[in-house]
Amino acid sequence: MAQDVEATGFNPGLIVLLVVGGLLLSFLIGNYVLYVYAQKTLPPKKKKPISKKKMKKERLKQGVSAPGE
């Protein structure tokens with residue numbers, strides 16, 4: 001007779017799981033929204049200018065002689 005006392009209420013484990021799952025899901029969705037917003041509004045990163053020395057090295061690797069040699 002005392003077995004079905006908890007039958008009418010929600011399972012506490014299920015409530016905890018739903019709350020944690022909801023928080024995790026909202027966190028991930030929020031991160032995605034922020035990422036998309038940042039991609040649209042922020043200007044693209046500027047690449048560092050390549051030094052002449054590095055350009056020479058790259059050309060030598062490719063087999064094309066650098067001008068002025």
Colleague: In Å and rounded to the nearest 0.5 Å, what is the NZ to NZ distance from K56 to K61?
Modeller: 15.5 Å
Colleague: Can you sort out the partners of K54 under side-chain contact (heavy atoms from CB on, under 4.5 Å), two or more places apart, ordered by chain and number?
Modeller: I50, S51
Colleague: Can you give the donor-acceptor pairs under 3.5 Å from side chains of residues 17-38 to other protein atoms, not counting sequence neighbours?
Modeller:
from	atom 1	to	atom 2	distance (Å)
S26	OG	G22	O	3.2
S26	OG	L23	O	2.8

